Structures are given as structure tokens and as C-alpha cells.
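Note that this is a predicted model, so its numbers are computed, not measured. The chains referred to below are lettered A, B, ... by the order of the sequence lines, with proteins before strands, and numbering in each begins at 1.
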Amino acid sequence: MQHWLMKTEPEQFGITDLERVKVEPWSGVRNYMARANMRAMQVGDAVLFYHSSTQPPGVAGLATVSRTGVVDETQFDPDSPYFDPKATRDKPRWDCVDVRYVETLPHYVELAQMREDPSLKKMMLLKRGMRLSVQPVTAAEYKRIVAMGRKKSR
DNA sequence: GCCAACGTTGGC
DNA sequence: GCCAACGTTGGC
């Protein structure tokens, strides 16, 4: 099983939204590296659900990949901000995965907290200039962040 | 609101 | 195919 981190702006779609809808197609990703990561996903992979562009940013909960090879419908919708005029039904350019709600962590794991943790030093998320919205995490990093989210640390 | 980082676009 | 200009991301 692989582990991933997926960023979302909670104002747009946060962990409480995922909890409500249970399953959500991760549409709207328009970055080739992020797309490649989603294409590498398998059903059952574990996802850290990360809140970005919010104060404070951090991991809010856990999700799982419930379906792969999902066509991103927003590419065909002229009213969507993710509309892609070059995409056709015959030749879609963007696909994604379905993400299923698993749990909201009892303790929100702040980005600053992750930066302070020596065992997360090499984490991709913490690298300078890293803004990839779908990125791999190691099993050890995943485990560590889940542990931080389950126990009170401040 | 700033700005570093980095992806994309388009002229040549 | 290069690369300057421009746009976007996202922490601070």
C-alpha cells in the first residue's frame, strides 16, 4: 500500500465536506506531476488530507483512494474554473481518483508542528518551494503524522 | 499583501 | 527548442 498527501483549501472543500459526502472525485487538478501521482495510486492507498491556504495549514484527517481512473468531469464544463478547451470526451486530458472519508484526526497536525519534528525532516511537503498538490509520503512519515494527530502534543 | 518558487505560454 | 514574461501556489 502506498501513502499520499493531498492538499485542499478548506474554504473550498475541507475534511468536514468530505465527511458529509463520504466520497469525492478529486477533480480540478491541472498539474501533470499531480496527475501522474494520481495515476500511480491504487484502491486502498492511504491519504493524508491536508488543509492549505488556511491559518494554520496542516493535516486535518485521513482518507483512502476508493476508485482510480476517474474522468475529471470539470474539464468539459465551460462554466467550471477547471474547464479545458483542449479536452474532448473522446480524448480527455484530465483524470483523477475518488477519495473516501476515513476519519478526522482528534488533533489537527499543524504544518509548524511537522517542521519541528526531526523524523519528518525529509518530507516532501516541507521542502522549499514545494507546492505540488498531490504528493507521495513514506509509510514512516504517514505513521508519524497519524500518531501526532491522535495524541495531544501542545 | 508580499514574494519565492516554479509551471505554462508564446514569440522567435 | 529556447527562454522571457506571465500566472499561480501557498506559506508567512
Calculate the interatomic distance between [X] atom [atom1] and [N] atom [atom2]; express it in whole Å.
X: A:Q113; N: C:dG11; atom1: CD; atom2: P; result: 15 Å
X: A:W94; N: B:dT8; atom1: CH2; atom2: C1'; result: 11 Å
X: A:L125; N: C:dT9; atom1: CG; atom2: P; result: 16 Å
X: A:N31; N: C:dT9; atom1: CG; atom2: C1'; result: 10 Å
X: A:M123; N: C:dG11; atom1: CE; atom2: P; result: 12 Å
X: A:L132; N: B:dG7; atom1: CG; atom2: P; result: 9 Å
X: A:Y82; N: C:dT8; atom1: OH; atom2: C1'; result: 12 Å
X: A:K127; N: B:dC6; atom1: NZ; atom2: P; result: 12 Å

Choosing from [options], which nucleotide comes nearest the side chain of [X]?
X: A:S52; options: C:dC12, B:dG7, C:dG10; result: C:dG10
X: A:M33; options: C:dG10, C:dG11, B:dG7; result: B:dG7
X: A:R131; options: C:dT9, C:dC12, B:dT8; result: C:dT9
X: A:S133; options: C:dG10, C:dC12, B:dG7; result: C:dG10

- Item | Residues A:T88 and A:D90: side-chain donor-acceptor under 3.5 angstrom |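 There is no such pair (donor and acceptor under 3.5 Å, judged by atom type) between the side chains of A:T88 and A:D90.
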- Side chains of A:D98 and A:W26: is there a donor and an acceptor less than 3.5 Å apart?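 No pair is found: no donor N or O on one side chain lies under 3.5 Å from an acceptor on the other.
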- Derivation of the salt bridge (charged side-chain N to carboxylate O under 4.0 Å, His left out) call for A:R35 and A:D95: CA-CA 7 Å; A:R35 189 187 68 179; A:D95 49 82; 5.0 Å; no
- Message: In the structure I gave you, are the side-chain heavy atoms of A:V47 and A:L5 within less than 4.5 Å of one another anywhere?
- Response: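 SC-SC contact between A:V47 and A:L5 ruled out.
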- Is A:Y32 near enough to B:dC6 that one of its side-chain N or O atoms lies under 4.0 angstrom from OP1 or OP2?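 Answer is no, no contact under 4.0 Å.
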- Task: May I ask you to evaluate whether A:K7 reaches the phosphate of C:dT9, defined as a side-chain N or O under 4.0 Å from OP1 or OP2?
- Result: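 No, no such contact exists.
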- Task: Step by step, work out the salt bridge (charged side-chain N to carboxylate O under 4.0 Å, His left out) result for A:E103 and A:R150.
- Result: CA-CA 11 Å; A:E103 70 169 283; A:R150 292 208 200 283; 2.9 Å; yes
